Novice: 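One structure, pasted below without further comment.
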Amino acid sequence: MTAETSPRFAIGIDIGGTGIKAALVDTVTGSLPFKRLRELTPKPSTPDAVAATIAKLLDALSERAVELELVTDRAALDSLPVGCGFPGVIREGRVEYTANLDQSWIGSPIAEIIGESTGRTVYFLNDADAAGLAEMTFGAGRKHRKNTVLLTTLGTGIGTALFTQGRMVPYTELGHIEMNGADAETQAAESVRTRLGLSYPEWAARLQQYYSQIELLVAPDVIIVGGGVSKSHDQFLPLIETRAKLKPAKLYNNAGIVGAAMIAVNDGKAKVRRSQS
């Protein structure tokens, strides 16, 4: 990474209910020069605890890049823009809602808290929106920019990102629609499959109900299924019938990191753009 190429690079962070991931990202190709780093989400996941974990990851990321001789001076990496996907809603710089982190986040000035801990300016967007941005630019949604596309991330909860005509509708939070009298994600998230020991066919039945209800509300042309479990898509996606074209994500668990890095190089603006690939 040189002075000429560094503007194309940024650091992406993905905060999840289980883990926090960070990586150096080439925002022109959507690739990672080396494997992402991961730390467990602290318990309790308070703002200060999460901020400290992010600071630790950024420091480890710089050390790893120097170790791999991607940079000769870590100052080059420390000056790169940073973007972060957050599992919730942020309005006017303050956290308005989060389901899978400690509730002390509500009302907190997130950029100030993370900025003070890391010494960096950090741009934020919803974690599922970040994943959707990456998939629409580099992944499964790349050829569907003129359609209505819904990304769902199956993990600790169910995140959603909605795009129409290449424009993102932020903070859709459709994992929280009512299903059987409760939040859908409490019944159909990948974490529920793991916790209850559900077989893929048993889990697919729950996902079938979820996606059937989603199609009544949104009527997308394409549904992209993301999250780490999308690597095993052949085990459950063929068991689900939807009117929309149902596709596995291509970037898997890296999508949120890549999307977060993309807003960092765009000064916080979420833009679906054409990739060079």
Side-chain angles (χ1 to χ4, degrees), residues 12-22 41-55 81-118 120-134 136 150-164 167-179 182-189 191 210 213-214 217-218 226-227 255-257 259-264 266-272:
I13 300 169
D14 185 8
I15 301 174
T18 305
I20 301 175
K21 303 180 288 288
T41 302
K43 293 185 181 301
S45 51
T46 61
D48 287 343
V50 170
T53 301
I54 290 174
V82 180
C84 183
F86 180 81
V89 176
I90 301 169
R91 294 187 193 278
E92 299 180 355
R94 292 183 178 273
V95 176
E96 185 174 282
Y97 171 82
T98 182
N100 296 312
L101 293 179
D102 192 87
Q103 293 305 292
S104 60
W105 274 101
I106 306 302
S108 65
I110 186 169
E112 291 179 23
I113 292 170
I114 305 300
E116 287 177 5
S117 180
T118 63
R120 312 279 283 268
T121 297
V122 182
Y123 299 98
F124 292 89
L125 80 167
N126 175 266
D127 56 345
D129 287 343
L133 187 63
M136 291 298 292
L150 178 70
L151 171 91
T152 61
T153 58
L154 305 176
T156 305
I158 298 177
T160 61
L162 182 64
F163 296 81
T164 182
R167 294 180 179 274
M168 183 174 75
V169 181
Y171 300 123
T172 47
E173 297 290 344
L174 295 175
H176 300 292
I177 65 169
E178 182 180 327
M179 192 169 89
D183 267 15
E185 72 172 17
T186 66
Q187 302 162 69
S191 61
Y210 172 69
Q213 289 186 211
I214 282 293
L217 297 173
V218 182
I257 293 172
M262 289 172 64
I263 69 154
N266 287 322
D267 296 324
K269 299 180 179 67
K271 296 180 178 179
V272 176

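The structure presented is a predicted model; accordingly, all values stated were derived computationally and were not measured.
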Novice: Output the distance between atom CG (Leu101) and atom OG1 (Thr41), rounded to the nearest 0.5 Å.
Specialist: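 Those atoms lie 7.0 Å apart.
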Novice: Indicate the atoms forming the closest heavy-atom contact of Ala111 with Val122, along with that distance.
Specialist: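 Closest heavy-atom pair between Ala111 and Val122: CB-O, 4.5 Å.
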Novice: Using every non-hydrogen atom in the two residues, find where Gly107 and Arg94 come nearest and quote the distance to one decimal.
Specialist: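 Heavy-atom minimum between the residues: O-NH1, 2.7 Å.
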Novice: Measuring only between side-chain heavy atoms, which start at C-beta, is Pro81 closer than 4.5 Å to Thr121?
Specialist: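 Side chain of Pro81 against side chain of Thr121, heavy atoms only: no contact under 4.5 Å found.
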Novice: With sequence neighbours left out, what residues match Ala130 under side chain to side chain contact (heavy atoms under 4.5 Å, CB included)?
Specialist: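 Scan of Ala130 (side chain to side chain contact (heavy atoms under 4.5 Å, CB included), adjacent residues dropped) gives Leu125.
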Novice: For Ala184, give me all partners under side chain to side chain contact (heavy atoms under 4.5 Å, CB included), at least two apart in sequence or on another chain.
Specialist: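 For Ala184, the residues satisfying side chain to side chain contact (heavy atoms under 4.5 Å, CB included) (neighbours in sequence not counted) are Ile177, Met179, Tyr210.
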Novice: Stepwise, does the side chain to side chain contact (heavy atoms under 4.5 Å, CB included) test hold for Leu174 with Leu150?
Specialist: CA-CA 10 Å; Leu174 295 175; Leu150 178 70; 4.1 Å; yes
Novice: Working note: Asn126 + Glu173, criterion side chain to side chain contact (heavy atoms under 4.5 Å, CB included); need CA distance, chi angles, decisive distance, verdict.
Specialist: CA-CA 9 Å; Asn126 175 266; Glu173 297 290 344; 3.3 Å; yes
Novice: State which residues pass ring pair (Phe, Tyr, Trp, His ring centres under 6.0 Å) with Phe86; sequence neighbours excluded, sorted by chain then number.
Specialist: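 With neighbours one apart ignored, the set is Trp105.
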Novice: Got a second to check how far Ile257's CD1 is from Asp127's CG, nearest 0.5 Å?
Specialist: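 Reported to 0.5 Å precision, the distance equals 11.5 Å.
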Novice: Going by side chain to side chain contact (heavy atoms under 4.5 Å, CB included), name the residues that satisfy it together with Ser117, two or more places apart in sequence or in a different chain.
Specialist: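 With neighbours one apart ignored, the set is Ala51, Ala55.
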Novice: Under 3.5 Å, is there a donor-acceptor pair between the side chain of Glu178 and the main chain of His176?
Specialist: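 Flag not set: sc Glu178 to bb His176 has no pair under 3.5 Å.
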Novice: Who pairs with Glu112 by salt bridge (charged side-chain N to carboxylate O under 4.0 Å, His left out), at least two apart in sequence or on another chain?
Specialist: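 Expected list: none.
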Novice: Side-chain donor-acceptor contacts of residues 12-21 below 3.5 Å, not counting sequence neighbours, with atom names and distances?
Specialist:
residue : atom : partner : partner atom : Å
Thr18   : OG1  : Thr156  : OG1          : 3.0

Novice: Between Ala260 and Ile263, which heavy-atom pair has the shortest distance, and what is it?
Specialist: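 Result for this residue pair: O-CG1, 3.1 Å.
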Novice: For Ser104 and Asp102: C-alpha separation, side-chain torsions, deciding distance, then whether side-chain hydrogen bond (donor to acceptor under 3.5 Å, both in side chains) applies.
Specialist: CA-CA 5 Å; Ser104 60; Asp102 192 87; 2.5 Å; yes
Novice: Rounded at 0.5 Å granularity, tell me how far OG1 in Thr160 sits from CD in Glu185.
Specialist: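 Here the rounded value is 10.0 Å.
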Novice: If we check side chain to side chain contact (heavy atoms under 4.5 Å, CB included) with Ser108, which of these qualifies: Val95, Ile90, Thr98?
Specialist: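 With Ser108 as partner, side chain to side chain contact (heavy atoms under 4.5 Å, CB included) holds for just one option, Val95.
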Novice: How far does OH of Tyr171 sit from CZ of Arg91, to the nearest 0.5 angstrom?
Specialist: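 Going from the OH atom of Tyr171 to the CZ atom of Arg91 covers 7.5 Å.
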Novice: Are Asp129 and Leu133 side-chain neighbours, meaning at least one heavy-atom pair lies under 4.5 Å?
Specialist: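 Sidechains of Leu133 and Asp129: no contact.
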Novice: On a heavy-atom basis, which atom in Gln187 and which in Ala182 lie closest, and how many Å separate them?
Specialist: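 Closest pair (atom of Gln187, atom of Ala182, distance): NE2-O, 3.5 Å.
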